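Please read these numbers as outputs of a predicted model, since none were measured by experiment.
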Amino acid sequence: MTTMMNEAETGSPGAVMPGASSVAAPKSSRARQFWKTLLSRKTVMVSLAVLIIAMLTALLAPLIAPYEPNAPDLRNALKPPSSDHWLGTDALGRDVLSRIIYGSRVSLAVGFVSVAIAGSIGMMLGLVAGYVGGKTESVIMRCIDVMMSIPLIILALFIAALIGKGLGNVMLAIGLGMMPSYARLTRGQVKSVKQLDYVTAGVISGTGRIRNMFKHILPNCLSPIIVLMTMNLGMAILTEASLSFLGLGINPPTASWGAMISDGYNHLRTLPLLSLAPGVAIILVVLAFNVVGDALRDTLDPRLRGAL
Amino acid sequence: GGKSSDSASSSGGSSAGTSETSGGNAQSGGDAQSGGGKSGESVLRVALPLNPRIIGYPAEVTNNGPLPFLDPVVQSLLHFDEKGNHVPWLAESWETDAEAATITFKLKQGVKFHDGTDFNAEAVKWNIEQYIENKRTETENIASMEVIDDHTLLIRLKDWNSSSLEAIGFFVRHVSPTAVQANGKEWAYTNPVGTGPFLLDQWNMNVSVTYKKNPDYWEPGEPKVDRIELLIIEDANTAASALRVGEVDLIQAGNVDLADELIKSGEFDYVLQKNGIGAVGVGLIPDSVTEGSPFADVRVRKAMAHAIDEVALAETFGKGYWETTNQWGSREAYTFNPEVEGFPYDPEKAKQLLAEAGYPNGFKTKLFSGLNTKDVFTAIQSYLAQVGIDAELIVVDEAQVQSLYFSTWEGGLMGHFHSVQPDLGLYMFRHLDPNGAFYAKGIIHPEDVLELLRENQKAPNMQVKTETSHKLQKLVYDEYAIVGKPLYIPMGIFIKQKYVKDDGFGVTHNAFWTPDNVWLDK
Amino acid sequence: MGHLLEVHELETEFRKDDSFLKAVNKVSYTLEEGEIVAFVGESGSGKSVTQYSGLQLIEMPPGRIAGGQVLFEGEDLLKHKQNSKEIRSVRGGKIGVVFQEPMTSLNPVMTVGRQIEESVMLHLNMNRKQARQRAIELLTQVGIPDAESRVDDYPHQFSGGMRQRIMIAMAMSCNPKILIADEATTALDVTTQAQILELLRDMVKKTGTSLVLVTHNLGIVARYADRIYVMYAGEIVESGTCRDIFNNPRHPYTIGLLRAVPSLSDPKERRLVPIEGVTPDLRYRTGVCAFAPRCMYATEACFTEPSPKLRDVPGEDRHQTACHRDVDKSTVPVKQTVEAVRKLKDPRELVRQDVILEIRDLKVSYPILKGILRRKAGELAAVDGVSFKIHRGETFGLVGESGCGKSTLARTVMGLIEPTAGSILFRGNEWHQMPEKQKRSLRRDITMIFQDPYGSLDPRQRAGDIVGEPLRNFKLVKSEKEYQERVSELFRLVGLDPSLQNRMPHEFSGGQRQRLGIARAIATNPAFIVCDEAISALDVSIQAQIINLLEDLQEELGLTYLFIAHDLTVVRHISDRIAVMYLGQIVEIADWKSLYDNPLHPYTQALLEAVPIPDPEREAKRERKLISGEVPSLINRPVGCAFSNRCPLATDECRQGVPRLRPVRESHSVACFKVDAP
Amino acid sequence: MVTFIIRRVLQTIVVILLVTVLVFSIMHLMPGDPVLMFLGPDASVEQIDHYKKQFGLDLPLPVQYFKWAGNLFKGEFGDSLVYRQDIGPLILAKLKVTLTIAIPAFVIAVTIGMFLGIMAAIYRGRWADSFITVLANIGMATPTFWLSILCVYIFSLTLGWLPVQGFTFPSEDFALAVRRMVLPVSMLALGPMAVFARQTRSAMLEIIRQDFIRTGRSKGLGERRVIYVHALRNALIPVVTVMGMQLGYMLGGSVLIEQVFVIPGMGSMLITAILNKDYQLVQSAVLVIAGGISLCNLLVDIAYGYIDPRIRIS
Ligand SMILES: Nc1ncnc2c1ncn2[C@@H]1O[C@H](COP(=O)(O)OP(=O)(O)OP(=O)(O)O)[C@@H](O)[C@H]1O
Ligand SMILES: Nc1ncnc2c1ncn2[C@@H]1O[C@H](COP(=O)(O)OP(=O)(O)OP(=O)(O)O)[C@@H](O)[C@H]1O
Ligand SMILES: [Mg+2]
Ligand SMILES: [Mg+2]
């Protein structure tokens, strides 16, 4: 889609390991600079490592998980940690560790998909509003205002209650709930980028309207949007957890960290690990996303470069 | 007829995020949150997971849950003893005549409402009329009423029905007609003017209802405590914690695990309500009507029932506080038919039945669960999977549960939440009646069953009633498996500090206690 | 000998990633009481850091003062901690600073009065009331009218020039011993610049304060400075009295600087001599002369011997240079890249060429949006009744101070803004009446070079794609191969290595970027190019390169330029005919010679008088009549002649009627009632 | 200024009306029937019809909406199905509770958050900065409901320092109220506090690098004055924007906190109402919340004017 994304794609697999960035040697020195700056801080390295681990865990869950995550074993319910079940078992006798491993799939999927939904819809709306302006802009932005005047969790709660539970619906609910901020951000970006000299230069060079929009305006609006996306990954995961806690998350028996916290709630006194462990998992992943988002902002947003 | 307890599925599991969020405990000034009240006043604090919406206008109290909030202030003509027998309360005695289809209540004398007006036959009649006006099922069988004298009321029924005495006697509660008429219905919602041992002191919506002693109570020497505070704590965990740290004296435990923990600690007294009166039984009911539903075949219904090990479920999730049964109602009820074979856990048989029905490789279906039955139903899902029934588990909220059982449930399975009270003619009929509101649209209605039900309703005496009841159990479960698999009946669990005596919680009807008798042995 | 300030071997460095950037490298200098000393050098040469190091005003970290002494009245300021009491009492109290950006140097959310009071109360131990009195006094001194009522205004309520006056008032508020003016006038219009400099000089002369003028403009210092330090790459390369430096510069860099800038006194055919190459990366100091790679006089030895130390120039007092060789203006350079003279166009010849662009009575207005509601409250005529013709092959200069509507005019000519009235004829066709399609094809012939070399290149496109974009858009190439060839050719034309095509814009220096912009502009073989402040953002040494490039391209490709700038010397150098703009109107049009030799409009005269000449002798002789007042904004344009409120000649006639532009001589028109036709 | 406020209020009203339409549509599209919820599992068909009529739920949807909206203009919200009460006073009571928690939480979040942010900015690159930054990140990454549970477990159940649950107005019993509010208030404050800390930090860093800060230092002002007088006020502008958004978040975030700590506020009422399909109550509550958020945004805009004279004048 953009240079930025391409870099992220080409660079990401190898560049996470310390020193690997130079081995992977991205094409342009800009990319190299990007990764160098990004990885210059230890926290970022650690966070990327956490994310890679989380993603690998999600991908390889069937290979890693010691037990089938959804198979009840009623005779073995609510067992404290042991050598068989490192984190114990839940009320249905399911292995908590395995469920946390499988739960990473849900959390990451919720994060990525809902952010993708929010980003794509929000960006399109914002782009149209910012570029076309006038009445169209007013109408779109009023609708965005409407959505923004309802807190995310309540909006998501509504949408979830409307379209029902289930992974897909939860992702849609969170995605739609987060969408307005993308529309706003994109519109603002478009409006400011629109009047920059290089966009004018594009017009003078005979570039058509639509082409100009996608070639010169959109790519230059992306950095803050990408930053917002990384930050929102964590927020989406947290929101899913909240929805699950309120009982409006995904359907059982699928394991989700939020639902696991909720399930473990009643056993807090006897088996605190039941809700502690998934809570820690959430914190780690969300934290990692936030740190990476922060770092991305530093590297991508020149106004903030050096500020953080 | 009476009402089963509040929301069907709120009896098991955690209540975080269920139908109702709980209120906090905003006590009025001065009170510390532990034990005793101020300056020698004895105060009883009870945590209940239910939220009353109306206390003072019983005709619109449409479910059983809030009844404990009425007990201190608003009373009825009769109540139950420990075995479920009717005992007098505001009525001194009553007579029933099956032939003539009449009930005659003789009222206690000298009873006054809190506003000082007399409690008499006119008042009772007025109160019953309010119920009729609100289309309450309890009073739908009443043809007319006649005030014989100040303390005698004659009620003529449309048809003789053995349940009507209980319906009118226990479920109709009485408030001062004068007060309601003077101030209006809306006022009455929050201002109960009854005959009870306590007066409403303060009602903090969603938080607590507090009562103070009625000095002019009609029973001498009662009540024994000065104040009662009923705290609305829906969250089982919080309630348990509150009991543990002494913020409350008694709780109705909403969660088995927490209750078990408290009871095992040995620090508390507890009462298990075993007779199931007022309890909500949970079963698994198949939609046998929707087109294409495999459950239209009785063999599939039976196979489904055989596939599930309800004993293991009760053990794991009920921890001994759930009773299992193979028919409608508890094993202790007179309607219990020991000859019913039921569907003991037998996966092989289930598979065989499925094969016979033409599903040797099983089939796909849906399994709807409320929020609170989530864990149990998750286990059930895996039992079903073992015999080849691939059920997609769909957890729906309370409202959706209700709209499902108000229509059909997509050819799948859902929880069968039913009042386990013994009167089958009343309770079972509600679901099996082709025009019934709940579950009726998703199940078959065999003529022989309906015939038996009618017979049961009209039973002139206990013997007929029992006989027809036993026949019904056999037919509905063993023969047709109409309402599928009975799973468990949760016992009401009441846990209290050791000094709380004679509270009556869990002794008779689930929603009934004795605020007039309770005392604190401190 | 007790100097007021004596800096000895000062070293300041910044941590950048893993290495240290030595911004100031063993700099020593002195400052006497009552003296005006100038620091000159190109951007990044360390002038500011040198000044701030003593006050410890640099960012620490990443900055670090690595060594040296700064003796102020005999006491070493570096002994004290960064924000210690001792340092703080010197800052503001004994040494005041005026910064470059008047727009951002004042706290936007505090009234100017408070900002002055603050420092007065701190250093002079006055109470609030006294401080306020002092603030009003100071504001009056620096020429803020109505100081009494304006002390309670916020900075944004003042114009740029006034803010800079306020800064000066603030810096002078505690009677400092030294006043540092760091590029204090760079951001201002020529006329304002001159006013501020005069003010500064008057004030320091009156109070006996020493003034340090930091600037990259050699011209400015000629008139005001007593002594000059020339800095390059964090080192002082030459120092001496103003006269010595200008008359007898002894360091190749100083010589280069003087040759790179045009001057009003230059012969027109002088070709500018740019200092080729770029500033070295200060992170990688090699220990040899830092200027050697760019030096026209460098010998073998310059690249091997350790970098030269400052040494006295024999025979001249206090004149020092840091060069291995003994060069002066007459020394023959080792490498001579460009010839010293250029071909002059004959203005009479040019006028006979066809008219390529004609502007008739052009009017462009912006809506005035009022309040936070952004409702349209009126119109602001940024261009108001402008007419002129441009002939093929000529360079038409357009000068005027900031905000007078130059860019608006340029954008309208480019078809980016719809004119409110009037017409623009390009080769006889009415631009704005054309259908979109025809307009687009016309864009091949009329292109633009932008002011900001950073903002005009899409940061996410490769250099090659940027330059080649018009080629693809207008389908000017038939094959990929041809495209490649053409792009490479364009790179070569503007003096860039075609192998740089794959780089991103930010990997180029400012000058290189501007070359990219030019390459893009000439990609379609246009006939006409609008250069809107095309060189204003560049360093002097690079300015010369770009000016030469534009001149060469014109000759090679027969281009016509509309050259917009505010720098009159540059405009004089490059243009054939020149129009002077004031508040949206053209006040004078003439060929370059008659305009500069015989300016008729009082505004043009004032502009020319404000332009500094890099020659102290001539400056000393010049009798200056600076005009007073600020450039009014378009919204409160005076009725009658727009210049009437500042004009020394203004009469009631001027304040009532608007003078029309009328020809007074051959190819010389002016809009003024007071100018008589000969 | 006045015209600005009027215009903004009008805009807000339009937005809010749209909000009500949206919420109304969503509520009615949701599966479930409020009367069934209200009557419970054993209701008869007649009873259901009786109540549907009583609550006007038998009318066509647009009629229902306009009836509700019409009442709104008369200043009436109608009756709640769940609570069987007039919605106006009900919401007012709940709002009082929520604000009793949210306002102290907000104040704490702002003061501590900004203080931490300033500290981090001043000591940027040192350990204090890293510590605060990491802390803020963790604060933002932690699910509040989870932390609340954990804190109840630690402080109430294990240590017995604080009450488990409940809510008391400070006016009723101050000591008890404070003890009860410690946990919910700090939990609610945590997330926003982290956000403020981060925002303040980056705003301060941005401002600290600006020319007028250098001017301040060049005048010999003390670091304290430079930071707290010159930088902070300028840094407030972006921070205030975030404040507006966080106030909105707090209304949403209180949903979970109220759930865990059994606080009878707007959040718990809203969930009850949504789950019970109490149409009018949900509509009214969301209306109030949306109105509150819009009001916050308006306040933020007005605050800009006070902080930044550039905006004030134009
Ligand atoms: N805060 C800083 N951090 C890092 N490097 C800096 C900092 N301030 C200055 N420098 C570097 O120090 C060198 C000298 O900067 P300085 O500001 O003194 O130049 P200057 O001669 O004043 O230039 P200009 O004319 O642009 O103001 C430059 O290379 C600059 O990049
Ligand atoms: N888009 C716009 N909307 C409203 N007013 C504008 C707009 N662009 C410019 N102006 C105003 O029009 C006037 C002329 O602006 P213009 O940019 O043409 O001036 P300029 O001579 O190019 O100045 P500079 O030398 O600062 O670039 C200014 O007063 C400016 O404030
Ligand atoms: Mg500088
Ligand atoms: Mg301009």
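- More than 12 heavy atoms of other residues, nucleotides or ligands lie within 6.0 Å of NZ in Lys185(B), so this atom counts as buried by the packing criterion.
- Interface residue Glu140(B): only side-chain heavy atoms are found under 4.5 Å from chain D.
- Asn134(B) touches chain D through backbone and side chain together, each having a heavy atom under 4.5 Å away.
- In this structure, Lys53(D) places its NZ atom where only 12 or fewer heavy-atom neighbours from other residues, nucleotides or ligands lie under 6.0 Å away.
- Other residues, nucleotides and ligands place more than 12 heavy atoms under 6.0 Å from the NZ atom of Lys441(B).
- Here the CZ atom belonging to Arg136(B) is positioned 10.5 Å from the NE2 atom belonging to His50(D), to the nearest 0.5 angstrom.
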